[in-house]
Novice: 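Handing you a structure now.
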Amino acid sequence: MKDFYRRVYEVAAGIPKGKVMTYGQIARLIGEPRSARIVGYAMKSIPEGMKIPAHRVVNRLGEMAPDHVFGSKELQREILLSEGVIFKENGWVDMEKSQYKTI
DNA sequence: CGCGCGGCCTAGC
DNA sequence: AGCTAGGCCGCGC
């Protein structure tokens, strides 16, 4: 597996329950600020057996992933809600309140 | 080898 | 909020 992926998974694995991170944020954290899209690809390609909370990674606006990823946006939203993530009226994550910020 | 396609992002209306 | 335009880069064909 590519080192890039490994580092993405390390960061993603550290997102606590009730919080979310963005693709771009993770990309910047591992020193690849221009590779936000690849972070999304890495999330989609998590190997069997690796316990990575991919549902806790959203885009910068707090939108759910496309339907085909988790079955439906509603499903992902249910999971995050059950973990305590705060949502806005439009159905997106309230990034002000629920984004996991690391120094 | 080239080319299209993404769980994206920023800037700029 | 919504839209475009441009850039990004790994992957599969």
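Just so it is clear: chains get the letters A, B, ... in the order the sequence lines come, proteins before strands, and each one is counted from 1.
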Novice: C:dG10 P sits how many Å from A:I46 CD1, rounded?
Specialist: 18 Å

Novice: Between A:R37 and C:dC8, does any side-chain N or O lie under 4.0 Å from OP1 or OP2?
Specialist: no

Novice: Whom does C:dC13 pair with, Watson-Crick or G-U wobble, provided both distances fall under 3.5 Å?
Specialist: B:dG2

Novice: Atom CD1 of A:I30 and atom P of C:dC9: how far apart are they, to the nearest Å?
Specialist: 12 Å

Novice: Looking across every strand, which nucleic acid part, if any, lies under 4.0 Å from A:R60 by heavy atom: base, sugar-phosphate, or nothing?
Specialist: base

Novice: In this structure, how many angstroms lie between the P atom of C:dC8 and the CZ atom of A:R28, rounded?
Specialist: 17 Å

Novice: Taking atom P of B:dC8 as reference, at what distance in whole Å does atom CD of A:E63 sit?
Specialist: 9 Å

Novice: For the side chain of A:E10 and the backbone of A:I30, is there at least one donor-acceptor N/O pair under 3.5 Å apart?
Specialist: no

Novice: Over all strands shown, is A:Y41 touching base, sugar-phosphate only, or nothing at heavy-atom distances under 4.0 angstrom?
Specialist: sugar-phosphate

Novice: Grouping I, L, V, M, F, W and Y whenever their side-chain heavy atoms are under 4.5 Å apart, do A:Y5 and A:M43 come out in a common cluster?
Specialist: yes

Novice: I need the CD1-P distance between A:I38 and B:dC8, as an integer number of Å.
Specialist: 11 Å

Novice: Would you classify A:F4 as touching base, sugar-phosphate or nothing, given that sugar-phosphate means primed atoms plus P, OP1 and OP2, and contacts are heavy atoms under 4.0 Å?
Specialist: nothing

Novice: Does any nucleotide pair with C:dC8 by Watson-Crick or G-U wobble geometry, both distances under 3.5 Å, and what is it?
Specialist: none

Novice: Search all heavy atoms of A:P53 against all heavy atoms of A:A13 and return the closest pair with its distance.
Specialist: CD-CA, 4.0 Å

Novice: When all nucleic acid strands are considered with a 4.0 Å heavy-atom cut-off, which category describes A:V39: base, sugar-phosphate, or nothing?
Specialist: nothing

Novice: A side-chain contact here means heavy atoms from C-beta on lying under 4.5 Å apart; do A:I38 and A:E32 qualify?
Specialist: no

Novice: For the C1' atoms, the ones on C:dG7 and on B:dG6, what distance do you get once it is rounded to whole angstrom?
Specialist: 14 Å

Novice: Side chain of A:K2 only, please: which of B:dG7, B:dT10, C:dC11 is the nearest?
Specialist: C:dC11

Novice: Heavy atoms only, 4.0 Å cut-off, all strands: where does A:A54 land among base, sugar-phosphate and nothing?
Specialist: base

Novice: Less than 4.0 angstrom between a side-chain N/O of A:Y5 and OP1 or OP2 of C:dC11, yes or no?
Specialist: yes

Novice: Tell me the interatomic distance from A:N59, atom CG, to C:dG2, atom C1', rounded to whole angstroms.
Specialist: 14 Å

Novice: Name the residue from A:K17, A:K19, A:H55 that meets the side chain to side chain donor-acceptor pair (under 3.5 Å) definition with A:E83.
Specialist: A:H55

Novice: Tell me: CG of A:L80 to C1' of B:dG7, nearest whole Å?
Specialist: 13 Å

Novice: Nearest whole Å is fine: how far is B:dA11 C1' from A:L61 CG?
Specialist: 14 Å

